[in-house]
**Q** 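Quick one: this structure, given as structure tokens, is what I'll be asking you about.
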Amino acid sequence: MASANVPKTSWADDVDELETPKVEDYVDENGVRTTVTKKIKRVLQKAVVDHSVAERKTWAKFGQEKGNKPGPDRATTTVGENVYLKLSPGNKSSEPEPTAEQAVKANLAKAGAGKVVCRLCKGDHFTAKCPYKESLSGLDGADTPPLGLDDTGTPAEPAAAAPAASTGGKYVPPSMRGGGRGPGEAMGRPGGSRDDLPTLRVTNISEDTEENDLRELFGGFGRVARVYVGRDRETGAGKGFAFVSFEEKSAAQKAMEKMHGRGYDNLILNVQWSQPREQR
């Protein structure tokens, strides 16, 4: 039990012996003896910490560290530097980067080219980026030839009226502007809309008839442009009628003559010319 009362020693206690002054003697090549004494100076540093940190440092150690002196044990703990975090609202000296237009203006000003002036509204911006280029009539009169004369100075024929300026800053389609061509054509078949195609109305067909079945049936008379089978929106079942459009009227006429009254899928087909929608 006597050995239990022996205080625990640590190899770190020997560090104090290393802090004593050291004397070193050495002789150089010329036989001169030199003595060097090394001393270590301890400096006490004071730091302001939080109250909870200061109170925690006064707690008595327990466990294997019970009975040791306050502070971290250098034999088992390495104390690093304190890193302080400084929060700032932002870099106030930073400026926004100039835009491309501002950079071009700055380069022109440095080169002595003068100020950027719009030719339409005389504003401080480029003519291509003028917000009033749609509402103003045009460029300066110095850039355009006099009325009634072309570029060569000879009398020119009267041109069409200039497009009317849009009122209220609203967009006006080209077809609705003055001198426009009017409403554009449909983007479908060059000949016109679907109603302009020679179309046959086929009735008394079965519910299981598909578009490909009718395309194969009428494809032998000519090139079929489109096939539409009427179906119920909820069930998807056929309603017993369809429309077959041909690219040539002669092919549609031949198909109507040959297929009208013909049996197909245990039913007798009824083929007639399709009437425009407004006349049905």
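Note that the structure is a prediction, hence the values are computed from the model and not measured.
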**Q** Answer yes if the side chains of Thr199 and Ser274 hold a donor-acceptor pair under 3.5 Å, and no otherwise.
**A** no
**Q** Can you find a heavy atom in the side chain of Thr37 that is under 4.5 Å from one in the side chain of Lys22?
**A** no
**Q** Roughly how far, to the nearest 0.5 Å, is CE of Met259 from CG of Leu217?
**A** 3.5 Å
**Q** How far apart are the closest heavy atoms of Ala255 and Leu200, and which atoms are they?
**A** CB-CD1, 4.0 Å
**Q** If I take atom CD from residue Gln253 and atom CH2 from residue Trp273, how far apart are they, to the nearest 0.5 angstrom?
**A** 5.0 Å
**Q** Against the six-membered ring of Phe241, is Arg201 placed for a cation-pi contact (under 6.0 Å from the centre, within 45° of the normal)?
**A** yes
**Q** Is there a donor-acceptor contact under 3.5 Å from the side chain of Thr235 to the main chain of Asp232?
**A** no
**Q** Kindly determine whether Asp213 and Tyr264 satisfy side chain to side chain contact (heavy atoms under 4.5 Å, CB included), including the steps that lead there.
**A** CA-CA 11 Å; Asp213 299 336; Tyr264 179 75; 3.5 Å; yes
**Q** Can we say Arg33 and Asp25 salt-bridge, meaning some charged N sits less than 4.0 Å from an Asp/Glu carboxylate O?
**A** yes
**Q** Please list all pairs meeting salt bridge (Lys or Arg N to Asp or Glu O under 4.0 Å) that have one or both residues in residues 249-274, counting only residues at least two apart or in different chains.
**A** none
**Q** Going from CD on Glu207 to CZ on Arg231, what distance comes out if it is rounded to the nearest 0.5 angstrom?
**A** 10.0 Å
**Q** Any side-chain heavy atom of Val32 sitting closer than 4.5 Å to one from Val27?
**A** no
**Q** Within this structure, what is the CG-CG distance for the pair Asn270 and Asn204, rounded to the nearest 0.5 Å?
**A** 7.5 Å
**Q** Do Phe246 and Arg223 have side chains that approach each other closer than 4.5 Å (heavy atoms only, starting at C-beta)?
**A** no
**Q** If we only count heavy atoms from C-beta on, is the Leu267 to Ser206 side-chain gap below 4.5 Å?
**A** yes
**Q** To the closest 0.5 Å, what do you measure between CZ (Phe218) and CG (Leu269)?
**A** 6.5 Å
**Q** So, for Gly222 and Ala251, which heavy atoms are closest and what is the spacing to 0.1 Å?
**A** CA-CB, 3.9 Å
**Q** Report yes or no: do Ser52 and Asp50 form a side-chain donor-acceptor pair below 3.5 Å?
**A** yes
**Q** Of all the heavy-atom pairs spanning Glu210 and Val229, show the shortest one and how long it is.
**A** C-CG2, 4.3 Å
**Q** Mind listing the closest non-hydrogen atom pair of Ala242 and Leu214 along with its distance?
**A** CB-CD1, 3.4 Å
**Q** Can you find a pair of side-chain heavy atoms, one from Val244 and one from Val202, that are under 4.5 Å apart?
**A** yes
**Q** Determine the minimum heavy-atom distance between Asn68 and Glu65, stating which atoms define it.
**A** ND2-OE1, 2.7 Å
**Q** State, with a plain yes or no, whether a side-chain heavy atom of Val36 is found less than 4.5 Å away from one of Val23.
**A** no
